[in-house]
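Okay, structure first, notes after.
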Amino acid sequence: MKKFILVRLVNIVITLFIIATATFFLMKMLPGSPFDEEKLVDLTDEARMEFYARYGLDEPLYVQYLKYMGNLVQGDLGLSYYYKDQPVNSLIMGRIGPSALLGFQAVVLGLSIGIILGMIAAFRHNTIWDYFTMIVAVLGVSIPNFVLAAILQFYVGLQWGLFPVAYWESYESSILPTISLAVTVIALIARFTRNEMLEVLQQDYITTAHAKGLGDLTVLIKHAIRNALIPVITILGPVFVSLLTGSLVIENIFGIPGIGSLFVDSIKMNDYTTIMGLTLFYSSFFILTVLVVDILYGIIDPRIRVHGKG
Amino acid sequence: MEPLLSIKDLHVTFQTHAGNVNAVRGVDLSVGKGETLAIVGESGSGKSVTSKAIMGLLPKQNASIDQGEIWFEDRNLLSLKSKEMQKVRGSEIAVIFQDPMTALNPTMKVGKQVIESAVKHRKLGKQEANKLALELFELVGIPNPEARLNQYPHQFSGGMRQRVVIAMALACNPKLLIADEPTTALDVTIQAQILDLLKSIQKKTGTSIIFITHDLGVVANIADSVAVMYAGKIVEKGTVEEIFHQPTHPYNWGLLQSMPNLDTKGKLYSIPGSPPDLMNPPKGDAFASRNEFALAIDYEKQPPMFQITKTHSAASWLLHPQAPKIEFIKQINKDLSEHKPNYNKTENKQTLLEVKNLKKHFKLQSKQTLKAVDGINLEIKKGETLGLVGESGCGKSTAGRTLMGLYESTSGEVVYNKVSLNQANKKNFTQKIQMIFQDPYASLDPRKKVEDIIAEGIDIHQLTKSYNERKEKVKELLETVGLQSEHASRYPHEFSGGQRQRIGIARALAVEPELIIADEPISALDVSIQAQVVNLLMKLQKERDLTFLFIAHDLSMVKYISDRIGVMYLGGMVELAEADELYKQPMHPYTQALLSAIPIPDPVVEKSRERVILQGGLPSPITPPTGCRFRTRCSLATEECEVVPKWREVEEGHWVACHYA
């Protein structure tokens with residue numbers, strides 16, 4: 001197991017290195033720059049060089065690259081071009097709070113409701129419960145979250161006045177964006193849980209458990225649920241991705257000062273260092289999630305535990 | 001004998017999308033205390049459905065019990081409420097399912113699974129439960145029980161898992177044990193262990209057993225009385241001696257004769273046709289259309305049960321006082337004596353294929369090497385059938401695939417008609433060597449028409465010039481294998497298992513091969529269909545001068561079909577001889593054990609003979625024992641066996657790898 005984790009960690013470092021390199025050069029190839037080009041033209045040559053030197057832009061590309069990577073190794077993501085010389089690290093740290101809260105709430109809500117709906121659908125297979133759940137699941141996946149966000153803002157926020165429509169002022173502000181984010185998760189998880197559960201309920205060991213004279217509920221709790229939920233862990237990776245991409249849009253719609261809206265702003269402003277910093281941040285978060293999922297899988301499923309050596 | 005369980009006129013229907021299937025159509029049965037009743041029948045005969053009905057485990061959504069009573073002691077199980085039925089299940093009636101690989105929860109420790117029912121029904125505490133688990137594991141012969149209790153199912157071999165399943169069923173000391181094909185998924189040597197175990201348990205606990213199977217050899221071994229089921233009805237029941245020695249129903253005659261015993265020669269008797277569709281069961285006797293002795297009334301009216309002796313009864317109009325008397329046994333013997341087999345046909349024949357020290361190793365992800373085939377030598381002569389037998393995992397299938405070039409061999413040589421076969425020239429041989437696969441469901445592309453499946457090889461090798469010629473060829477092939485030419489435009493799912501296997505055979509024949517490698521071609525088929533397919537293969541061999549490599553684990557069928565037989569164990573060949581010679585004078589202790597493990601469909605022989613029962617299971621081919629591979633399970637093993645025994649010819653044509661042969 002230790003060896004497995006070690007190998008994976010090395011792989012992660014290599015992956016991040018490739019991502020960093022690719023984004024760095026892509027960024028340089030983009031037309032435009034973070035600065036107001038027209039004003040720069042007015043500066044004297046000397047002043048312009050000095051200005052570039054402040055950001056290390058006067059040196060050849062490969063030097064810039066090496067410097068950037070050197071700083072990166074030390075965990076320094078550089079200075080933002082747009083936000084008045086703030087380090088990207090502190091920018092991210094300053095805005096991660098709301099995003100983390102939203103993400104956490106959406107995962108908890110999405111998983112719990114999704115699993116419950118999926119289970120009900122499976123136990124009441126081919127009944128109104130099943131159809132209802134599946135309709136919810138299809139709607140959840142197919143309605144874009146910004147449409148849902150707008151609907152929630154209009155009805156729940158404006159018409160009924162239950163929760164704040166936008167901004168990040170109190171805990172209530174997080175309710176509507178959380179729901180907007182969680183619906184996709186609920187849909188994904190419910191669908192998957194239902195299919196897994198239906199599969200498990202047909203297995204011979206479930207019949208065996210019934211043959212022992214166990215009650216229906218005991219069979220479900222002791223034999224069915226665990227086996228059905230193990231595969232659900234595997235789709236947590238994609239679920240996190242959908243949350244990350246969702247947050248870019250949702251945070252903007254609700255005007256939430258999180259890293260999602262920071263990312264969108266930095267792209268609008270050509271704020272290279274911030275874009276790179278956030279790309280790397282998102283990538284590492286996602287890769288680590290996948291690693292954690294794999295490790296969890298090994299812990300929960302005894303069959304993987306033994307074979308998961310290599 | 002006082003009955004423990006009696007079923008009266010049970011009818012079960014399944015509602016499916018296509019319509020209602022009358023799976024069980026009036027079953028009457030009873031099991032006495034301490035008795036073993038075997039229910040025999042082919043797939044779809046309703047035997048498993050009957051057992052599920054007893055347990056109350058029929059799927060609620062689509063199965064309904066239309067009629068009937070199931071009396072267990074003084075209760076009608078069908079009238080019990082579901083709570084009351086739960087108390088019966090697992091504590092008074094327990095069940096052992098067919099496939100030990102799927103009957104255990106993969107994520108729960110086996111010890112916990114074993115005592116679950118005892119904890120529920122007998123309200124045992126943790127300590128007592130643990131003690132019980134240990135006792136049960138000892139009872140079913142699982143070595144090192146303390147450690148094993150805390151393991152998960154995947155850490156057990158197939159045979160050991162079945163022991164766990166049996167332990168699980170015994171946890172509450174049930175009065176009735178239903179064993180639903182408990183040995184079908186196991187190898188013969190393991191099957192012999194499990195049957196032995198069940199008998200010794202019955203002796204100790206006095207439980208009654210309902211044993212459901214399709215294997216008459218197993219029935220002869222274990223049963224006191226037998227019920228033969230066909231198309232949802234019991235057609236004959238009686239003591240085991242009556243069923244085997246005075247068979248009365250034509251279906252039972254057919255069953256008994258379609259299984260070759262070790263002396264069967266000539267053409268195998270086979271029941272024509274296939275079982276009826278239970279969606280529209282026939283008006284009269286369901287067996288009438290396959291019954292060569294059918295009377296006019298068989299098509300009109302269902303026969304009642306005629307009592308023959310106190311214990312023996314059968315449902316056939318032939319038993320009516322006015323019916324013509326048919327002496328079945330004599331008839332068959334006459335049939336058989338007419339077919340004089342051509343003996344010694346392998347003599348003086350040229351060698352078609354020679355295998356020299358062939359090895360096939362697979363590199364595993366874990367960097368270990370699985371030595372599936374580890375140095376085998378054999379030669380196949382033109383026109384003969386060479387049987388290759390061994391337990392699952394012994395490498396017989398891999399050997400077959402490697403020598404036709406499907407796998408690249410690790411080392412060794414395959415010489416076909418004096419040309420050495422390698423990856424570069426293997427294309428030249430694909431037309432000469434063809435394969436028939438085990439699973440007729442998985443081996444045919446479901447989205448292709450039968451015509452295109454059969455003609456694929458023809459197209460690849462461009463054997464026909466025009467579309468019409470191709471069509472003619474396919475038609476001819478279909479007729480050769482006993483199908484109709486209209487079948488060409490249908491899809492595989494429209495056919496039964498036996499018919500599909502015929503399509504597979506037609507496909508192999510399409511390119512006019514010389515050698516056919518048949519990898520367990522009949523093991524997925526029912527007994528009566530097996531005989532049809534085997535007869536077809538033998539007929540084709542005679543007509544087309546084909547050579548067969550017949551890979552199988554059913555030893556009596558292999559004996560029947562093969563001229564010579566090779567026995568494999570753990571990737572190596574341990575013995576090779578003429579079929580009769582091998583069975584009369586097996587030299588290798590493994591061959592002896594294997595032969596002794598075959599259940600013979602004759603209760604007198606079966607119950608009187610002494611068995612060599614092999615201990616333990618097959619060692620892992622990743623880390624095989626050094627020296628003689630068999631020495632870990634061999635009763636003769638000594639220090640000398642740490643040296644690899646030579647593959648030597650002991651008598652003419654009789655090869656063996658053992659120091660003591």
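Quick note on labels: first sequence line is chain A, next is B, and so on, each numbered from 1.
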Evaluate whether atom [atom1] of [X] has more than 12 neighbouring non-hydrogen atoms of other residues, nucleotides or ligands under 6.0 angstrom away.
{"X": "B:Arg148", "atom1": "CZ", "answer": "yes"}
{"X": "A:Phe104", "atom1": "CZ", "answer": "no"}
{"X": "A:Phe25", "atom1": "CZ", "answer": "yes"}
{"X": "B:Glu135", "atom1": "CD", "answer": "yes"}
{"X": "B:Arg75", "atom1": "CZ", "answer": "yes"}

Can you check whether anything in [range] gets within less than 4.5 Å of chain B, heavy-atom wise, and list it by number?
{"range": "residues 210-222 of chain A", "result": "A:His210, A:Ala211, A:Lys212, A:Gly213, A:Leu214, A:Gly215, A:Asp216, A:Lys222"}
{"range": "residues 179-189 of chain A", "result": "none"}
{"range": "residues 280-292 of chain A", "result": "none"}

Structural part of [X] lying under 4.5 Å from a heavy atom of chain A:
{"X": "B:Gln61", "answer": "neither"}
{"X": "B:Leu104", "answer": "backbone"}
{"X": "B:Met168", "answer": "side chain"}

Under 4.5 Å heavy-atom distance to chain B, tell me which part of A:Ile206 shows up: side chain, backbone, both or neither.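 Looking at A:Ile206, nothing touches chain B.
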- Query: Hey, what do you get for CG (A:Asn227) to CG (B:Asn105), rounding to the nearest 0.5 Å?
  - Reply: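 If we round to the nearest 0.5 Å, A:Asn227:CG and B:Asn105:CG are 4.5 Å apart.
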Neighbours of chain A found in residues 77-98 of chain B - heavy atoms under 4.5 Å: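 At a heavy-atom separation under 4.5 Å, chain A is reached by B:Gln86, B:Arg89, B:Gly90, B:Ile93, B:Val95, B:Phe97.
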- Top contributor to chain A contacts, counting heavy-atom pairs under 4.5 Å, from B:Met108, B:Lys109, B:Met55: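 Heavy-atom pair counts peak at B:Met108.
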### Query
Counting N and O atoms only, with roles assigned by atom type, does the side chain of A:Thr208 sit under 3.5 Å from a partner on the main chain of B:Ala103, one being a donor and the other an acceptor?
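Yes, because the side chain of A:Thr208 sits within donor-acceptor range (under 3.5 Å) of the backbone of B:Ala103.
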**Report entry** Any B:Pro106 side-chain heavy atom under 4.5 Å of A:Tyr205 side chain
**Finding:**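 Result yes, sub-4.5 Å side-chain heavy-atom pair found.
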